[in-house]
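Order of the sequence lines fixes the chain letters, A, B, ..., with proteins taken first and strands second; residue numbering starts at 1 for each chain. Values in this document were obtained by computation on a predicted structure and should not be read as measured data. Values below: every heavy atom of this structure, side chains too, minus hydrogens, waters and symmetry copies.
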There are 2 protein chains.
Amino acid sequence: MNKKTTIYDIAEKLNITAATVSRALNGNTKISEATRKLVNDTAKEMNYEQNKLALALKSGKSFNIGVIVPRIDSNFFASVIRGIEEELYPHGYHVIICQTHDQENLEIENINSLLNAQVDGILMSISNAKLETSEHFQKLLRKGVPLIFFDRKKDIPGVSSVTIDDFKGAYDATKHLINQGCKRIAHLSNNREMQIFKNRYLGYKQALIDSGIEFDESIVIETMSKVLEGRKTTKLLLNMNYPPDAIFSSSDFTALGAIEEIKAHGLKIPEDVSVVGFSNEPFTRFMELSITSVDQSPIEMGRIAAKVFLEEANNSKKIKSEKRVVLSPELIIRDSSLKLKN
Amino acid sequence: MNKKTTIYDIAEKLNITAATVSRALNGNTKISEATRKLVNDTAKEMNYEQNKLALALKSGKSFNIGVIVPRIDSNFFASVIRGIEEELYPHGYHVIICQTHDQENLEIENINSLLNAQVDGILMSISNAKLETSEHFQKLLRKGVPLIFFDRKKDIPGVSSVTIDDFKGAYDATKHLINQGCKRIAHLSNNREMQIFKNRYLGYKQALIDSGIEFDESIVIETMSKVLEGRKTTKLLLNMNYPPDAIFSSSDFTALGAIEEIKAHGLKIPEDVSVVGFSNEPFTRFMELSITSVDQSPIEMGRIAAKVFLEEANNSKKIKSEKRVVLSPELIIRDSSLKLKN
DNA sequence: CTGTTAGCGCGTTCAT
DNA sequence: ATGAACGCGCTAACAG
């Protein structure tokens, strides 16, 4: 375990000063070509490598950014992170991952922890919008650390965000069902204190209204994003006096549960009941009865969030202008809703 | 954007020395209760937070560890990372993510980059075992930076690893097919320069031999882990003069392709052809015709890899003992191979 | 118990 | 073009 060589080591060997070595290595102009070459050569020879930690302490930039997500083992978040990493790596940044498991206290803890680690910015998807305290976010703003929300955001002045147009995604999905001839479309919703679920709900509602279809609150049911929960809720719907002929789900997992339950009731998909999910999880494509879903282009979302961060980081802190990027979702039509083959 | 307060700020305010502040904050015993309380109170009051960067430079420990994977948006790797993060977070470590996209040069680059960032250890899954140069790994050893392989490893003296028993996983899967009455079992293999695929191949082979079934190299075909590739290879197999009545695939994706192709040929699963995959990807469970697969317990793998790292990190660098943990895989039997209902 | 000094490795004045 | 000195924020060694 040999000690790492520092600029002092190579300075000593060359009987010059560490400052000169530093200058030579960093391409400072005021240096003779001779010593530059000499320094570079011996640096290579001695396997010198810059200690970014010292640089970070000196410059105040760690070239680390923190990414906080509810959990990483979901295709959506993993893909966003992939996009972030790919965009940031060429710029010399490293990505630190934190998970909140939807626990607010962990979210706060993670932010503080990342702050102590002197990250240059934080990109995150909020775990829960219920709580009023945005104190931990304000803290970031005060410290001048760029904060960027993706997907699950909160409206805070001065904070940029990258989301998809959930309203449009839901609107398009519902319109599609209507165009396929569906007359009574149920909605498996989710905690509408989160903007994404609220907007999906509103998009669904508006599509109905625009098409002159009665909006019936009784067939809008909050359902946790789990297959089994989807089954349960669907069972309720199918046992109603006036059951739906289509289900628009705010989650692919509940959509899958819905499909299972519909089949269990001996009904046909899409003929008797059509189903549309949300997120375009990989499995929706793989199913024998493939599932129509709304794609959120997560990798792209990550890339853009990263770009927004880079802009803010290089903005030499002029005006704290916030940027709100809204990506357009794409409806991927598959078997579970395609009644009319053109 | 207020400057961060340092121990000097609070020392100045209290007319004491920064060293004393440091001691008070760190629970050093040789300090009066009075000043301790005073320091702690004013620290809180001034919103003091320790700069881990300075600590890292001083101590040589950054409390960051690097995780290198081919890509993060695969359920397996994402789950391993989840396990790592969850295990390490309570110990104060942060996890830095790097992707190689199976490019060897990126693998080397990532290691160097992480090294410059002074990570305390590297946990990784190798991208490609072809190349002979393990120079970048030796470098880590020389520097005394713990290196731990998970899943895709390389045998290097002094390097610990956490893997599953791929041989057993394949052996059990093949035995299961034999027990179901299958007589001619094909194998969708993959690049066998990687230990995991080599061992799966060997386990498959051994199970055949142990059961007195002829091993036929012509129905072992290397296939990239893609659905479409699985279809192509399966087409070849089904068009043979003596086609297989079962397929053991080293990947769930090729298994899925196989299933699609078998159905396209008008054959029934599992009656005509049984299929077993590997990895227990989420979709294998969700399919209407669920797919039998071998579970690798990725979260557990990540947790254990993290624990091995912690041991090495705290081992006060005595003997460079390597640890090779081999987890037992679990065969999850589902529709695609269950002919005999008990 | 507390202050003084020094150093982790680097870049950056200010001189020369 | 180069050297000397300093500071980033913190802890540890040595005094007292």
- Please determine if B:E312 and B:K307 form a salt bridge, counting it only when a charged side-chain N lies under 4.0 Å from a carboxylate O. no

Do the side chain of [X] and the main chain of [Y] share a donor and acceptor less than 3.5 angstrom apart?
X	Y	value
B:N110	B:Q99	yes
B:T20	B:I16	no
B:N51	B:L53	yes

- Task: Could you tell me which residues satisfy side chain to side chain contact (heavy atoms under 4.5 Å, CB included) with A:A19, sequence neighbours excluded, listed by chain and number?
- Result: A:T17, A:R23

- Message: Can you measure A:D9 atom CG to C:dC10 atom C1' for me and round it to whole angstrom units?
- Response: 13 Å

- Take the protein atom CD1 of B:I7 and the nucleotide atom P of C:dT2, then report the distance between them rounded to whole Å. 15 Å

- Message: So A:L57, base contact, sugar-phosphate only, or nothing? Heavy-atom distance under 4.0 Å.
- Response: base

- Please work out if A:N28 contacts a base, only the sugar-phosphate, or nothing of the nucleic acid, heavy-atom cut-off 4.0 Å. nothing

- Query: Excluding sequence neighbours, so at least two apart, what forms ring pair (Phe, Tyr, Trp, His ring centres under 6.0 Å) with A:Y93?
  - Reply: A:F63, A:F309

- Task: Applying ring pair (Phe, Tyr, Trp, His ring centres under 6.0 Å), name anything that partners A:F137, two or more places apart in sequence or on another chain.
- Result: A:F149

Residues 296-303 of chain B, side-chain donor-acceptor partners within the protein, below 3.5 Å, at least two apart:
{"residue": "B:Q296", "atom": "OE1", "partner": "B:S279", "partner atom": "OG", "Å": "2.9"}
{"residue": "B:R303", "atom": "NE", "partner": "B:E87", "partner atom": "OE1", "Å": "3.1"}
{"residue": "B:R303", "atom": "NH1", "partner": "B:E86", "partner atom": "OE1", "Å": "3.0"}

- Which pairs with one or both residues in residues 67-78 of chain A pass salt bridge (charged side-chain N to carboxylate O under 4.0 Å, His left out), sequence neighbours excluded? A:R71-A:D102, A:D73-B:R82

- Query: Can you list every pair that meets salt bridge (charged side-chain N to carboxylate O under 4.0 Å, His left out) and has a residue in residues 37-46 of chain B, with sequence neighbours left out?
  - Reply: B:K13-B:E45, B:K37-B:D41

- Check each residue of residues 30-54 of chain B for a non-hydrogen atom within less than 4.0 Å of any atom in DNA chain D, then write out the ones that pass by number, or none. B:Y48, B:Q50, B:N51, B:A54

- Query: Taking only residues two or more places apart in sequence, or in another chain, which ones meet B:K52 in a salt bridge (Lys or Arg N to Asp or Glu O under 4.0 Å)?
  - Reply: none

- By salt bridge (Lys or Arg N to Asp or Glu O under 4.0 Å), which residues pair with B:R36, not counting sequence neighbours? B:E33

- Note on the structure: Here the gap from B:I81 atom CD1 to B:L123 atom CG, rounded to the nearest 0.5 Å, amounts to 10.0 Å

- Please round to 10 degrees the angle between the axis of the first five pairs and the axis of the last five pairs in the helix from C:dC1-D:dG16 to C:dT16-D:dA1. 50°

- Task: Could you list where the contact with chain A starts and ends along DNA chain D, reading 5' to 3', using a 4.0 Å heavy-atom cut-off?
- Result: D:dA1 to D:dG9

N/O to N/O distances under 3.5 Å, protein versus nucleotides 4-6 of chain C:
none

